[in-house]
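Just so it is clear: chains get the letters A, B, ... in the order the sequence lines come, proteins before strands, and each one is counted from 1. Nothing here was measured: the structure is a model prediction, and the numbers come from that model.
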Protein chains: 2
Amino acid sequence: MTDAPVRVVVADDQAAIRTGLVLILGSAPGIEVVAEAADGLGAVAEAVRLRPDVVLMDIRMPGIDGIEATRRLVGDGVCDVLVLTTFDLDDYIDDALAAGAAGFLLKTVEAPALIAAVRSVARGDGVLAPEVTRRVLARLPAPTAPAPAQVPGLDELTAREREILGCLGEGLSNAEIAARLVITEATTKTHVSRVLTKLGLRSRVQAAIAARSAGLAG
Amino acid sequence: MTDAPVRVVVADDQAAIRTGLVLILGSAPGIEVVAEAADGLGAVAEAVRLRPDVVLMDIRMPGIDGIEATRRLVGDGVCDVLVLTTFDLDDYIDDALAAGAAGFLLKTVEAPALIAAVRSVARGDGVLAPEVTRRVLARLPAPTAPAPAQVPGLDELTAREREILGCLGEGLSNAEIAARLVITEATTKTHVSRVLTKLGLRSRVQAAIAARSAGLAG
DNA sequence: CGCCGCGTACATCCTTCGATCGACGCCGGG
DNA sequence: CCCGGCGTCGATCGAAGGATGTACGCGGCG
């Protein structure tokens with residue numbers, strides 16, 4: 001299983017860098033560079049044709065850039081992409097990751113780390129350059145709780161009350177909620193009151209905020 | 001500068017593993033293991049006493065676990081923590097990162113990678129085990145687009161009105177807004193009315209939603 | 001069966017909200 | 001200088017919201 005070589009396409013518009021990358025990867029056992037490309041379109045074409053395990057993708061390239069090429073390859077499920085760039089810019093990182101890149105490295109990477117990164121991506125894992133990892137981590141303060149955002153009494157709500165809360169999160173008035181749920185406005189008010197009491201809130205505005213942070217509304 | 005050795009505290013309750021880690025790190029040039037600990041409290045105590053560059057922290061430990069120990073060390077700004085665990089569980093990863101860990105590795109890591117990781121963390125960078133990187137990345141789909149949410153008439157608001165909108169986004173009542181901005185409730189109502197008119201909304205609840213989606217409130 | 005908890009429903013009462021007036025002082029530009 | 005935009009304050013009034021109390025149907029349980 002592990003003896004099948006990792007097939008890689010290298011895409012970079014600068015011939016010198018491209019050659020260097022090819023040499024580094026080619027020298028690694030178990031890694032085979034099957035094609036090179038000098039622009040985004042070429043990278044996509046070669047990847048579609050050869051179905052490599054990994055595309056090592058530069059960002060700044062003529063025509064469509066590495067980000068767009070990554071988006072296409074990942075979007076179509078062609079292969080994994082390891083983005084490699086000279087510039088440690090947040091925008092690049094965000095765009096690359098949003099495009100679905102499996103990894104993001106800087107060109108300051110040493111050869112052994114590059115080789116390890118390619119192997120990781122081929123294995124289905126991900127890679128982040130240490131220089132950017134901390135910044136990425138810092139911007140993910142709520143990975144464990146975006147959906148179940150802490151709303152203390154949320155679990156005490158009945159299904160109906162949760163429904164009410166969802167409506168509140170959409171900014172509906174009592175009359176609108178009543179119409180949607182086919183109940184009287186008086187009943188709606190009762191539910192709203194219960195929701196507020198159970199959640200310890202003082203107004204429907206706060207309930208709306210809670211509802212949205214809990215993911216109960218758009 | 002770079003010749004000052006990286007000082008490390010190793011915390012793991014299993015003596016065999018701890019010894020292995022110490023040997024690996026001790027054999028690396030430029031890395032010095034200054035203390036060992038067998039539980040979370042010990043790790044915190046040693047770190048506070050010795051002020052190392054990095055604490056290599058196991059999660060499952062007697063007394064307070066590695067997560068809590070990490071929280072304390074990072075919270076107090078004592079040092080960076082590299083979390084190391086046997087189990088590739090999302091909960092562990094989330095908790096560790098939420099606690100402020102600079103890195104997260106699995107004990108399947110090879111010696112050279114462990115050494116590189118310690119150096120990265122000491123340099124102020126971050127490290128994620130490749131096995132977990134992809135999962136972490138997958139849960140970060142909107143780093144580039146949460147701030148600039150489209151709110152049509154937002155640019156027509158005056159500075160004061162934007163301030164009002166921010167308060168609305170926090171769920172404050174007119175009286176509370178008045179108190180915070182040191183104006184009369186009557187004035188507050190005037191502003192709120194203007195905001196609603198300019199934004200084409202029908203209630204403060206919708207304004208609160210708009211405010212939050214525009215990033216004007218927490 | 002009777003009791004109780006729960007969800008649902010309605011009515012009553014008071015507060016808050018929101019719209020719509022009018023008014024004043026301040027500033028900056030025509 | 002006068003005008004207009006902005007921020008402030010006030011008053012009124014109808015609509016909406018929120019608290020509180022009551023009531024009914026349903027299910028489980030002793």
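- In this structure, Leu172(B) places its CG atom 15 Å from C1' of dC17(C), rounding to the nearest Å.
- Annotation: side chain of Leu181(B) is in contact with side chain of Ile164(B) (closest heavy-atom distance under 4.5 Å).
- For the pair Leu56(A) and Leu21(A), the minimum side-chain heavy-atom distance is below 4.5 Å.
- Remark: side-chain polar atoms of Asp53(B) are paired, donor with acceptor, to backbone N or O of Arg7(B) under 3.5 angstrom.
- Among the heavy atoms of the strands lying under 4.0 Å from Arg204(A) are primed sugar atoms or P, OP1, OP2 only; no base atom is included.
- Between the CD atom of Glu185(A) and the P atom of dT12(C) there is a distance of 14 Å, rounded to whole Å.
- Nucleic acid contact class of Thr197(A) (heavy atoms, under 4.0 Å, all strands): none.
- In terms of modelled atom types and a separation under 3.5 Å, the side chain of Gln206(B) and the main chain of Arg202(B) share a donor-acceptor contact.
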Using the 3.5 Å cut-off, write out each protein N or O paired with an N or O of nucleotides 7-9 of chain C and the distance between them.
{"from": "dT8(C)", "atom 1": "O4", "to": "Arg194(A)", "atom 2": "NH2", "distance (Å)": "3.2"}

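- Side-chain N or O atoms of Arg162(B) include one that pairs as donor or acceptor with a backbone N or O of Leu154(B) at under 3.5 Å.
- For DNA chain D, the contact window with chain A, defined by any atom under 4.0 Å from a protein heavy atom, covers dG17(D) to dA19(D) in 5' to 3' order.
- Protein atom NZ of Lys189(B) is 16 Å distant from nucleotide atom P of dC21(C), rounded to whole Å.
- Within 6.0 Å of CZ in Arg51(B) there are more than 12 heavy atoms belonging to other residues, nucleotides or ligands.
- Counting only distance, with no hydrogens or angles, the side chain of Lys198(A) and the backbone of Leu157(A) share no donor-acceptor pair below 3.5 Å.
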Would you list the atom pairs, donor with acceptor, under 3.5 Å between side chains in residues 116-128 of chain A and any protein atom, with sequence neighbours excluded?
{"from": "Arg119(A)", "atom 1": "NH2", "to": "Pro29(A)", "atom 2": "O", "distance (Å)": "2.4"}
{"from": "Ser120(A)", "atom 1": "OG", "to": "Ala116(A)", "atom 2": "O", "distance (Å)": "3.1"}
{"from": "Ser120(A)", "atom 1": "OG", "to": "Arg123(A)", "atom 2": "NH2", "distance (Å)": "3.3"}
{"from": "Arg123(A)", "atom 1": "NE", "to": "Asp125(A)", "atom 2": "OD2", "distance (Å)": "3.1"}
{"from": "Arg123(A)", "atom 1": "NH2", "to": "Asp125(A)", "atom 2": "OD2", "distance (Å)": "3.4"}

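- Look at Asn174(B) and you'll find a side-chain N or O under 4.0 angstrom from OP1 or OP2 of dC17(C).
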